[in-house]
Amino acid sequence: PRNPTRRFVMNCVRANGLSLMHASLELRGDKDVVLEAVRSNGGALCFADLLLRADIDVVREAILHSGLALQFAVTALRADRELVAEAISKSGIALQYASPEIRADRDMALRAVRQCGFALQFVSDQLRSDPEIVLEAVQQLAPCLTGNGDEVWLEVKSGVPLTNECPLQYADEALRADRSFVLEAVHRDGAALLHAAPHFWQDRGVVLKAVSRCGLALAYASKELLEDREIVSAAVEEDGGAFRFAPEHLRSDRELALKAVTHCGDMLQFASPALRADREVVIEAVLDNGEALRHASSQLRGDPHVALAAVQQCSRAWNHISEKLRSNRKIFMEAVSRQGLLLADAPREFRSDREVVLLAVRENGSALANAAKYLCHDREIVLAAVLQNGRALQFASNELRGDRDLALTAARQCGAAYASAGPGLRSSCSFALDAVRQNHEALPFVVEELQVDAASILEFTNPKRQDDRDFVLQAVRRSWRSLQFASKSLRGDDVIVLEAVHQCWEAVKYATEVGLPTMLEAVRQDWRAIQCFFCEELTEAELGALTRTNPHIVRAPTFKRARQAWLQALHYNGLILQFAPLDFRGDRELVLEAVRQNPQSFHFAAPQLRRDAEVLARACHRGGEPMTDGQAATMGKPVRDDPDDDGPACPVKPCKAIAECDWQRLRHCDLDDDDDDDTEPTASGGRSDCRRDHRHPHNG
């Protein structure tokens, strides 16, 4: 289609038919658009134009997707036998949307109830008295009376009407009162007894037939019939859960109890106290459901044979054994081999037992969190844990979290385990690429750790991309961190490295070779970049260029004792004196150079030099001009000998001769015979006023 809006809507409804609701009225009347929508979701017919809901082709497409779409067709099409037959073949309850004539059609009614028994409620009143149709419905869908019958039990005890539905409830009353019909109905589904006429609940033959097909139908039997051992026995034999409905005197019947717990071990709770202390009955119960041990007598909960049988069937039975058996190693090993997390509540000796812990982590790797600390250093145990659950790596010792093979094994099992690897591994691009190659689920964690876009990482998993200069250059332009994934040769490429350093000086950490232009760019951004270079190999000219770019580089440990480097740095920024070693701050030549460049550096000179007449005289001049009264007055203020020292400031007394002189007269005196130009060279080689913003000395 040429219309871009129409094309967009077509794509939307193709992906989700219900998107048709947001289309314009014009497009909801477009047959091609609506056809695409109902092919995706038959319910989209609801939003189609009325004319299209009368179009047999559109309605048929909708019904092919969902029989219930018949409800959105126009009245005339709901009377179309072929369309309705197609709809009820998909969903029997679609019969409710058919015309009254079709709902009264015996053949269509049979089709519907065979697909879904509950369609019986939508057939005509006349057909609800048809035995064949009703029996078909009863056979197709039984009520929810399976499992342990908790819902039935609660409803019977509380007197609330049962909510379990059965198609028989929609049958004609005459049929539900017909004994032969009810016998056939309960033969097909014993739970149909619920919706038979109430007098059948006292009919021994009907109830016996019902409980023989559905043991839980015993819940509907009359009180008199509940006393009948044959009926209760038939019910329990069909479903052990029916034992809960037995009267008190039958709950003491050993034969009935054995039948019940053999089929449903949890029925032990309804047995008499004597039977709950019967070893054979309890063993049968725990063999079916280990947690039935909680209903046994306290004596049998302390029986090793019974307890072992229980934990072998269900590890949670460990929670119900007696206290004296909790130190039994054999029983605990059986339990922990089936539920490793039981190690969390185990005695200390079990959490320190290598064999026990190995069993636990093989079942659930997270059990490593509860093992004794020294076992988290055991490579075999940690390997078994991460093979079962890669996330268990987080519980290993720091040493093993840094084991490359172990960490890769964990990442292969679970991508999230990458985040638990040692810091050294997480920062390694080769480890990151190996982890992503083995499990793409590790990609989000690699992206978060290395701050590189996912697309680039996926591309770099191909070794050929690491040697592709054009690709690496494009990746570096997107993110400087991509440099770490390039091959060794390309990490020494001047153009690529400089492109990365332009974004962030830290890119030099990934470079194998760095040229002078790259060094200059890096130290221009941050003086700390100098620590990434081999300064011993720098020529005097290169060192001079770096110092001129950022004098703060002398703060690096390499230049701590390099007096010539400090002299050169102070020539460009006198305030760096505050970072100099104490003996350099007492070096007269260095201090004079610093004060010449910036008089404020006077405060960082050693105490004895702050009393030196020549130093004071130079400090009183700023760029060839005398200082103001306010600037001169600061010369006597307390300063710290060491800028890194948080101790009290040391007051400095100016020289007596200077302190007692007339400052107004002194400020006009030319005490400096040096004709040097007190201006600072700029990066371009020119000169600029030495007065600069000193609020961020770390930025150079």
Side-chain angles (χ1 to χ4, degrees), residues 38 41-46 53 56 59-146 151 161-178 180-197 200 210 213-214 217 220:
V38 298
N41 190 319
L45 184 63
C46 170
R53 285 192 274 144
I56 193 168
V59 174
R60 182 177 287 110
E61 283 292 339
I63 287 173
L64 286 174
H65 180 273
S66 171
L68 295 177
L70 180 66
Q71 63 185 299
F72 305 120
V74 295
T75 305
L77 291 182
R78 293 192 214 172
D80 186 298
R81 187 180 176 85
E82 185 181 346
L83 272 181
V84 174
E86 186 66 42
I88 63 178
S89 69
K90 297 287 183 182
S91 175
I93 60 175
L95 183 66
Q96 64 184 301
Y97 305 117
S99 65
E101 294 78 17
I102 291 181
R103 291 163 61 187
D105 186 300
R106 190 174 187 278
D107 181 50
M108 297 296 281
L110 274 171
R111 288 189 187 187
V113 298
R114 282 172 180 161
Q115 203 283 330
C116 176
F118 282 116
L120 180 64
Q121 61 187 301
F122 305 118
V123 304
S124 66
D125 293 341
Q126 182 182 359
L127 293 178
R128 291 188 196 182
S129 61
D130 186 310
E132 184 182 357
I133 292 176
V134 175
L135 288 175
E136 282 289 346
V138 170
Q139 187 170 346
Q140 287 303 317
L141 187 62
C144 304
L145 286 176
T146 56
E151 294 179 3
L162 295 173
T163 58
N164 295 304
E165 294 186 348
C166 172
L168 183 62
Q169 71 191 91
Y170 304 113
D172 185 76
E173 286 188 13
L175 276 181
R176 289 191 278 153
D178 186 310
S180 60
F181 175 79
V182 171
L183 278 171
E184 183 61 30
V186 297
H187 174 70
R188 298 193 181 197
D189 178 12
L193 179 63
L194 169 63
H195 299 291
F200 288 123
R213 301 294 292 175
C214 175
Y220 315 131

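Model, not experiment: these values are computed from the prediction.
- Going from atom CD of Gln96 over to atom CD of Gln121 covers 7.5 Å, rounded to the nearest 0.5 Å.
- For the pair Leu135/Phe181, a side-chain contact is recorded, criterion being any heavy-atom separation below 4.5 Å from C-beta on.
- In this structure, CG on Leu83 lies 9.0 Å from CD1 on Ile102, to the nearest 0.5 angstrom.
- Rounding to the nearest 0.5 angstrom, the gap separating the CD atom in Glu82 from the CZ atom in Arg60 is 5.0 Å.
- Taking CD1 from Ile88 and CG from Leu68, the interatomic distance works out to 12.0 Å, rounded to the nearest 0.5 Å.
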Item to check | Step-by-step side chain to side chain contact (heavy atoms under 4.5 Å, CB included) determination, Arg81 to Asp107 | outcome: CA-CA 11 Å; Arg81 187 180 176 85; Asp107 181 50; 3.3 Å; yes
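- Looking at Val186 and Val182, their side chains come closer than 4.5 Å, going by heavy atoms from C-beta outward.
- If you check the side chains of Gln126 and Ser124, you find no donor sitting under 3.5 Å from an acceptor.
- No side-chain heavy atom of Phe122 sits under 4.5 Å from any side-chain heavy atom of Tyr97.
- When all heavy atoms of Leu110 and Glu132 are compared, the closest pair comes out as CD1-OE2, 4.2 Å.
- Once rounded to the nearest 0.5 Å, the distance linking CG of Asp189 with CD of Glu184 reads 12.0 Å.
- The line from CD1 of Ile63 to OG of Ser91 is 11.0 Å long, rounded to the nearest 0.5 Å.
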